[in-house]
Amino acid sequence: MDALLTEGGTILAAFWMTVRLTAVSTLGSLVLGTVLTAMRVSPLSSLRGAASAYVTVARNTPLTLVLLFTGLGIGANLGLELSDDLATNNFWLAVIGLTAYTSAFVCEALRSGLNTVPVGQAEAARSLGLGFVKTLLLITLPQAFRAVVAPLGSILIALTKNTTIALVVGVGEASVRMRELIETYGDQVIEIFLGFAAGFVLLCLPTGLLFGWLSRRLAVAR
């Protein structure tokens, strides 16, 4: 317990990094996942094939390999620099990897949500002269988002926990700080572990409760 009290400031900073990683990656995943969903239901077979291949590869590739690719492949070998500061650059490389991975799951969740929208609504939109993009943006996607609020919440919780793998890119989030404290305070391993576990519960539990409430509040009446 002394370790948690003594290092309280650095622990909060580490969890703040976890929150930042989660928030930025969530935004990126929602944007990319929505684009992939539109591609998967596009009338163009080339777009459908490209999105399907991306989702299949991303979902079946371990996140550790994805982050190693962004950190070592894109960052080290290709020399991509998103910031002059090394820590900030590593942060954005981690965001790219987390976004690339999580967006595939967002895409599949949204695609399942689109399947809940009655076909007649899209046909009615087309009969009014709306094209594919307008029908998707104005009619089907809003209903799909409302139908999959709970699954999206589960994906967000998984993303929060997946940030612990960002250490392979050199991002000092909560799990990195926990390892450092265990190495420094070897006689307080259980206390440190329980303290960090409680921190992740405090991050994930409200998210689950919020999305559970939203799913009931925004449920589409059929």
Side-chain angles (χ1 to χ4, degrees), residues 7 9-40 47 50-110 151-184 192-193 196-197 199-204 207:
E7 304 290 342
T10 56
I11 293 173
L12 289 177
F15 272 106
W16 174 238
M17 176 61 73
T18 296
V19 171
R20 288 172 56 201
L21 276 173
T22 302
V24 180
S25 300
T26 296
L27 181 60
S29 299
L30 287 175
V31 173
L32 181 56
T34 302
V35 172
L36 289 170
T37 303
M39 292 173 62
R40 293 209 68 176
L47 292 180
S52 179
Y54 178 91
V55 170
T56 300
V57 171
R59 292 182 67 197
N60 291 282
T61 302
L63 178 56
T64 304
L65 293 182
V66 175
L67 290 175
L68 281 174
F69 175 76
T70 58
L72 297 179
I74 298 178
N77 293 332
L78 296 182
L80 177 64
E81 292 187 4
L82 301 172
S83 173
D84 294 333
D85 180 67
L86 179 61
T88 304
N89 190 63
N90 289 341
F91 170 84
W92 286 112
L93 290 174
V95 167
I96 291 174
L98 290 169
T99 298
Y101 179 80
T102 309
S103 60
F105 295 88
V106 172
C107 172
E108 288 299 277
L110 285 177
L152 288 177
S154 297
I155 293 172
L156 175 56
I157 291 174
L159 173 59
T160 304
K161 293 183 289 186
N162 285 341
T163 58
T164 58
I165 308 178
L167 63 92
V168 302
V169 191
V171 178
E173 42 69 57
S175 67
V176 174
R177 189 57 187 150
M178 181 181 72
R179 184 179 62 181
E180 293 173 351
L181 288 179
I182 288 176
E183 293 175 353
T184 304
I192 294 172
F193 176 80
F196 277 84
F200 275 98
V201 169
L202 290 176
L203 288 179
C204 296
T207 302

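Both backbone and side-chain heavy atoms feed into the values below; hydrogens, waters and symmetry mates do not.
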With sequence neighbours left out, what residues match Y54 under ring pair (Phe, Tyr, Trp, His ring centres under 6.0 Å)? none
Checking the side chain of T163 only, and the main-chain atoms of T160 only, is there a donor and an acceptor separated by less than 3.5 Å?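 Judged by distance alone, yes, a pair lies under 3.5 Å.
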Is a side-chain donor or acceptor of T164 paired with a backbone partner of K161 at a separation under 3.5 angstrom?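 A pair under 3.5 Å: yes.
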Please find the pair of heavy atoms, one from L30 and one from T34, that lie closest to each other, and give the distance.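 That closest heavy-atom pairing would be O-OG1, 2.6 Å.
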Considering all heavy atoms of both residues, which atom of A58 and which atom of A100 are nearest to each other, and what is their separation?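 Smallest heavy-atom distance, with atoms named: CB-O, 4.1 Å.
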Atom [atom1] of [X] and atom [atom2] of [Y]: how far apart are they, to the nearest 0.5 Å?
X: L152; Y: L159; atom1: CG; atom2: CG; result: 12.0 Å
X: I165; Y: Y101; atom1: CD1; atom2: OH; result: 7.5 Å
X: I155; Y: T207; atom1: CD1; atom2: OG1; result: 13.5 Å
X: L21; Y: W92; atom1: CG; atom2: CH2; result: 10.0 Å
X: L32; Y: T37; atom1: CG; atom2: OG1; result: 9.0 Å
X: N162; Y: L156; atom1: CG; atom2: CG; result: 11.0 Å

Listed by chain and number, what are the salt bridge (Lys or Arg N to Asp or Glu O under 4.0 Å) partners of R59, not counting sequence neighbours?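 Residues passing salt bridge (Lys or Arg N to Asp or Glu O under 4.0 Å) with R59: E108.
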Which of these, L36, T102, V35, sits in a side chain to side chain contact (heavy atoms under 4.5 Å, CB included) with C107?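 Among L36, T102, V35, the one meeting side chain to side chain contact (heavy atoms under 4.5 Å, CB included) with C107 is L36.
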Would you say the side chain of F91 lies within less than 4.5 Å of the side chain of V24, judging by non-hydrogen atoms? yes
